[in-house]
Amino acid sequence: MSILHHVGVLALQGDYAEHIDMLESNGANVSEIRLPDQLDEVDGLIIPGGESTTIVQLIDIYNFRSKLVDMASKGFPIWGTCAGMIVMANELTDKRPSPLQLMDIKVSRNAFGRQIDSFEENIIFSGVEGEIPAVFIRAPIVIDTSADVEILSVEEHLSKPVAVKQGNLLATSFHPELTNDSRIHKYFLSMLGK
Ligand code: GLN
């Protein structure tokens, strides 16, 4: 029997519409999350790419912070892509924004520099067979983790993690929602309802 997952996508700013399209084309039931109470109706949440300073500002304006911190610590699955990874980090090399500190990762924003602010590269992602096309757009990178963070993918030029998992929490530097490859979305769906 297949389980129909109900996934929330934080729809405050960024490319949430692309995540919704990809989830729906994989048979998930999806809701745009604009208010904290809506989190009670979903089995997991995606924090999309966009501008992390704006997303964090809106998270605080709409009072999401304490609820997300609480839910993340109780096993609620959350996946952050790009800006979403920055939002979930414990620590940033930048002063702004003030991240939610959900995951034991230290993250550097815009880590690939201005010259190469967007590129596509095939990556290996532990738990998914074969190569995955990864789109990086002014992408962050993970520069430090605690021992209980699993490194799922390392980018070959910087030799730093671009996909990490800590229990119920997943973060990727790149944007699977901007490709035709839905395997990372399926990977996240498999983390729901466990
Ligand atoms: N550079 C952006 C930031 O720091 C993230 C870019 C993205 O999400 N594609 O928030």
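One-based numbering, in listed order, for ligands and for the atoms of each. Since the structure is predicted, the reported quantities are computational estimates derived from the model, not experimental observations.
In the model, His19 has a side-chain atom that pairs as donor or acceptor with a side-chain atom of Thr81 under 3.5 Å. Side chain to side chain, Glu121 and His157 meet the donor-acceptor criterion of an N or O pair below 3.5 Å. Side-chain contact annotation: Thr179 with Asp181, donor-acceptor N/O pair under 3.5 Å absent.
Of the heavy atoms in Thr81, none comes closer than 4.0 Å to ligand 1. At a heavy-atom distance under 4.0 Å, only side-chain atoms of Arg109, from C-beta outward, approach ligand 1.
If you number the atoms of ligand 1 from 1 as listed, the ones under 4.0 Å from a heavy atom of Ser52 come out as 3 (C), 4 (O), 10 (O). Proximity to Asn110 (heavy-atom distance under 4.0 Å) selects the following atoms of ligand 1: 1 (N). Close contacts of ligand 1 with Ile86, meaning ligand atoms under 4.0 Å from a residue heavy atom, involve 3 (C), 4 (O), 10 (O). Near Arg138, meaning under 4.0 Å from one of its heavy atoms, ligand 1 places the atoms 1 (N), 2 (C), 5 (C), 6 (C).
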Worked check of salt bridge (Lys or Arg N to Asp or Glu O under 4.0 Å) between Asp94 and Arg96: CA-CA 5 Å; Asp94 277 20; Arg96 281 177 3 117; over 6 Å; no
Salt bridge (Lys or Arg N to Asp or Glu O under 4.0 Å) between Asp40 and Lys67, intermediate numbers included: CA-CA 10 Å; Asp40 297 329; Lys67 186 158 177 111; 2.9 Å; yes
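Connection of Phe119 to Val162 is established within a shared hydrophobic cluster, with ILVMFWY side chains joined at heavy-atom distances below 4.5 Å, either directly or through further cluster members.
Remark: the backbone N or O of Leu169 is not paired with any side-chain donor or acceptor of Gln166 at under 3.5 angstrom. Of the possible polar contacts, none joining the Asn63 side chain to the Ile59 backbone as a donor-acceptor pair under 3.5 Å is found.
In terms of polar-atom proximity, defined here as any N/O pair under 3.5 Å, Gly49 makes no such contact with ligand 1. Note: no N/O pair closer than 3.5 Å links Thr53 and ligand 1 by distance alone. The shortest N or O to N or O distance between Ile137 and ligand 1 is under 3.5 Å.
Ranking protein heavy atoms by distance to atom 7 (C) of ligand 1, first place goes to Cys82 SG, 2.8 Å.
When the heavy atoms of Ala111, Gly50, Ser108, Pro140 are ranked by distance to atom 5 (C) of ligand 1, first place goes to Gly50.
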